[in-house]
Structures are given as structure tokens and as C-alpha cells.
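Whatever order the structure lists ligands and atoms in, that order sets their numbers, starting from 1. Computed from heavy atoms alone, side chains included, the values below leave out hydrogens, waters and symmetry copies.
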Amino acid sequence: MVKVDYLQNITSLAKRRGFIFPSSEIYGGFAAVYDYGHYGTLLKNNIRDAWWRAMVQLRDDVVGLDSAIFMHPTTWKASGHVDSFDDPQVDCKKCKSRWRADHILEQFGISADKQPIEFLNAELDKLRQDKKLKCANCGSTDLTQAKRFSLMVKSNLGSPTDALSEENAVYLRPETCGGIYLEYKNTLDATRVKLPFGIAQVGKAFRNEIVARQFIFRTREFEQMEMQYFLHPSMMKEKYEEWKQVRWNWYLEYGMGEDIIRWYEHEKLAHYASEAYDIEYNFKALGGFKEVEGIHARGDWDLSQHSKFSGQDLSYTDSQSGEKFIPHIIETSAGLNRLVFMFLDYAYCEEGEGEEKRTVLKFDKRLSPIKAAVFPLLKNKPELVAKAREIYDMLKLEFMCEFDDNGNIGKRYRRQDEIGTPYCVTVDFDSLEKGDVTVRDRDTMAQERVKISALSDYFRDFL
Ligand code: ATP
């Protein structure tokens, strides 16, 4: 049996069908940055909206925020990012490829996450002595020692372009939660929330990643969907378990089976954290389980640090007991682009043989970029085209739809399968007489006749 190269196939489908393009291609490309085309944008927005619905709309205890990408530079000193948000870099002296030391060690089964550089170099030396350390690109054994490489991205915002010195550098946020901590007090004062409560936001983050080779899995510009839940420390255990369950169930709700997602427990915790688990998804395209979301118990570190560095009192006073304390935090942090990749990877299927062969994206129907495509059976019959247009104009008021009269019906089905459209509606001569149309289901390819007047209800039931 021919082995399917899922990474290659998904990447090329994503480009060919207008989901995701490599950035700045006409100038030769710009590594680890991607642009989202029409269908990619729709898919990404649907995933974002599904998250927002579950995390904000359906909850009484979480409110929203959209904080700025640029923040006061002291934010990142207080959070420790300026001093220690870095990854260990190893270079191949021969071909100049860059690698992450922790990733190299993990391939040899050595747990290297968040380990000090001395530990990493000692382990790399052992591999070197055993002649096992090689560049995965060119095979050379001439690799450098590991050194710290800061992931912070700097800008000169507010200063002249030629004056990017250490004192006047501002940073593009490396994670969205920084904005949540800084707006915790304003949110508390301006909304009617009481502890425990959460603040959720979706937005861009920037990291100068050392290596970014796996399509949109790890990019230098990406979006996060983060929620920070503020609470009294006595509630931490109970609420942490609750949030783990909430986030796990969200993946199940959107089609993931218990066999393709799993928990990964961090052995090495940041000094302020009491528990940290990731949800990992088994990527066909990456050949194994990889992190898509982290759920972390962060103690009172964040607000204490911002209190200390800003001189502002960020404590909370319980209105009933009068107790004053710095709230502890549970964080749920998912990568939106990584979830786009996950849903693409999950949905991607190649089915059938010969003439019957098709590639289909079997997204959960609610996440599909286009919900229904409307076709006239024949392009050169004005009465069919007019009826199909009329149905399209009706449906588009409620659903993201597409009108297509190019090529034969078989070709149109294939195209819609490749962008994951759950329903195709074909208008034929019977439609003009009897007022019904053929609705074809993406997954089963079954067709049924549905009254035009009942179409909206029909889709609403499924979507
Ligand atoms: P990693 O160990 O893979 O570098 P991390 O543990 O540093 O990731 P977090 O800081 O916990 O990641 O970020 C939370 C989420 O944000 C991740 O689960 C991931 O989905 C997403 N994310 C982090 N970095 C990137 C990136 N460079 N590109 C795309 N998504 C990212």
C-alpha cells in the first residue's frame, strides 16, 4: 500500500484551495509566517467562535477582553519573559541548520522540557561521545553547544526607526494572557463579576521561534485563545479539575475521539505552577501526538509580580468574609492556528479508487467554511440559473453559501468536498415544476429531495 504523505497533501490542498498561503511568496517567502485565504479565514473564525461560545457566551463566570498587542515594556520584565523566555538553540556548523536542543534530546527519549542549559549540554555531550549526535538535515556531527535564544520579538514603537536600543525597545506580546493580567483590576471594577471568574481573549502573539518547520504547527506570528480564571486558592483543586473536563469535552464535542487526544502531564513545572497538563492531538501529518492546548494552575505569581512591579494593589477583598488576598489563576491556553491545523488534519480523508477517488474534508459541519453550495444543473439554461440564484440569495442571509455553475456537477461536488462543504444543493427542471431540489450530503454522498421552502429548516437542524 502506498504511504500517504499527509503533511505534503494537506499543505498543498490548503494552498490550492485557498485555505493557507505561505507569506510573501512573490518575494521568495518569509519563513514561519502564513496568510489565511478565504476558506482558511472562515474556518479559523468558526473555530474561534466555537471557542468563544463555549468559554464566554454560555458561561456566567467568564467575560471577554481584546487587549492591545503592544504593552508597557515593564509587563514583560515583571512576568520574567525578558530575562528567561528562551529556547535552547543548537546550530549545525556545516549546513547552518538550526535546531532546538530539547527537541533533539526528546528524540532520544530524554525528557528535556524546561531543563537548565547545563543539563542539556551534558546530555548532548554524552550523545556526542557515543557518536549519536548528528544534524538531521545533512548528517554532520559538527553541532554547536546549546545556547539560550530569546523568543521575544522587539519593535521600536514610539521611537525613531533607527533607535532600537535596549532602553527604548518595546515587545510584541509573546502570549495574550499578559493583557488579561493588566486588565484584571479594570474588569473587576467595571463589570459585575465576583471571584471566581475568568477573562477570555483571542488575539495575536509573536515568538521568535528557533525552528518552525511543520506547516502552521509552530509559526512566529500566531493567534491564541486564552482564558485566565481568578479564584481563591482553596478552590484551586476543584476548579482545576473542572476546567480540565470542560476543555476536554470541547474537543469531543467537535468530533475528536478519546483515542486521538490525550493528556500530557508536565513533569518539570515552572516554579510558580502547581499543576500543568496539555491536551495533545495525534496529528496524522506530524506522525504523533503534539500539544494543542495547555491547562495550567499558576498560583498567585502573575498578579503578585504585576503588583510588585507596578506598585498597584491587585489584591481582592471577599465581600462576605472580608479576607484580602491575591487571587490564584487557572489558565487555559489554546493555539488558534494550531487548532486550524488539527481540524484540517482530522478532517482530511482520501477515499475511493479510480474515477471514484475523492479528497474530502470531513469537518464538524458547524466548523465548515461553507455550509451549502448551490448549483444550477446546467449553466446554459437561464431558468435554472435564475432559480439557483434565488435559492442562494435566500440561504446566504443565514448561512455562508456559495454559488457555482462551473464545470459538470461531478467536478463541482469534488471541489466542495475538498473545502469541506457539508451540503450541495442542485436545481434541476423538476425544481421549477415541483419546487424541490436535490441535497447531497458530503460524508455519505447520499442525495435526497427537499422542498425549497423547507431548506433553511433542513440546514438549521443539521448545523
Ligand atoms: P511549545 O512547548 O510547543 O513551544 P509552549 O508550551 O511554549 O509550546 P504555551 O506557551 O503553553 O506553549 O502556549 C499555549 C498554546 O499556544 C500552545 O498549546 C499552542 O497551541 C500555541 N502556541 C504556542 N506557540 C506557538 C507557535 N509558535 N505557533 C503556533 N501556536 C503556538
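Annotation: atom 19 (C) of ligand 1 to nearest protein heavy atom, Arg338 NH1, 3.4 Å. When hydrogens are left out, the protein atom nearest atom 13 (O) of ligand 1 is Gln224 NE2, 3.4 Å; that is the closest non-hydrogen contact. Remark: minimum distance from atom 28 (N) of ligand 1 to any protein heavy atom is reached at Thr219 N, 3.0 Å. Looking from atom 14 (C) of ligand 1 to the surrounding protein, the closest heavy atom is Ser333 OG, 3.0 Å. For atom 29 (C) of ligand 1, the closest non-hydrogen atom on the protein side is Phe217 O, 3.3 Å. The protein atom (non-hydrogen) at minimum distance from atom 21 (C) of ligand 1 is Gly335 CA, 3.6 Å. Scanning the protein heavy atoms around atom 30 (N) of ligand 1, the nearest turns out to be Phe222 CD1, 3.5 Å.
When atom types are taken as modelled, the side chain of Lys96 and the backbone of Lys93 share a donor-acceptor pair closer than 3.5 angstrom. In this structure, Asp364 contributes its side chain and Gly255 its backbone to no donor-acceptor pair below 3.5 Å. Side chain of Tyr281 to main chain of Leu339: no donor-acceptor pair is present (N/O by atom type, distance under 3.5 Å, no hydrogens or angles). Remark: side-chain polar atoms of Arg442 are not paired, donor with acceptor, to backbone N or O of Gln416 under 3.5 angstrom.
Taking each of Arg100, Glu280, Glu223, Arg207 in turn, the one with a heavy atom nearest to atom 24 (N) of ligand 1 proves to be Arg207. For atom 3 (O) of ligand 1, the choice among Arg218, His103, Glu175, Glu291 with the nearest heavy atom turns out to be Arg218.
Electrostatic pairing of Arg100 and Glu106 does not count as a salt bridge here, judged by no charged N lying under 4.0 Å from a carboxylate O. Glu398 has a carboxylate O that lies under 4.0 Å from a charged side-chain N of Arg460, or vice versa, which qualifies the two as a salt bridge. With respect to Asp91 and Lys147, a salt bridge is recorded, a charged nitrogen being found less than 4.0 Å from a carboxylate O.
The distance from ligand 1 to the heavy atoms of Val292 drops below 4.0 Å at these ligand atoms: 18 (O), 20 (O). Close contacts of ligand 1 with Glu209, meaning ligand atoms under 4.0 Å from a residue heavy atom, involve 24 (N), 26 (C), 27 (N).
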Item checked: ring-ring contact (aromatic ring centres under 6.0 Å, His included) between Phe206 and Tyr171, worked out -> CA-CA 9 Å; Phe206 301 82; Tyr171 297 94; over 10 Å; no
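Using a 4.0 Å cut-off between heavy atoms, Leu339 makes no contact with ligand 1 at all.
Here the options are Arg298, Lys244, Lys239, the test is salt bridge (Lys or Arg N to Asp or Glu O under 4.0 Å), and the partner is Glu331; only Arg298 passes.
Checking only distances, Ala334 never comes within under 3.5 Å of ligand 1, N or O to N or O.
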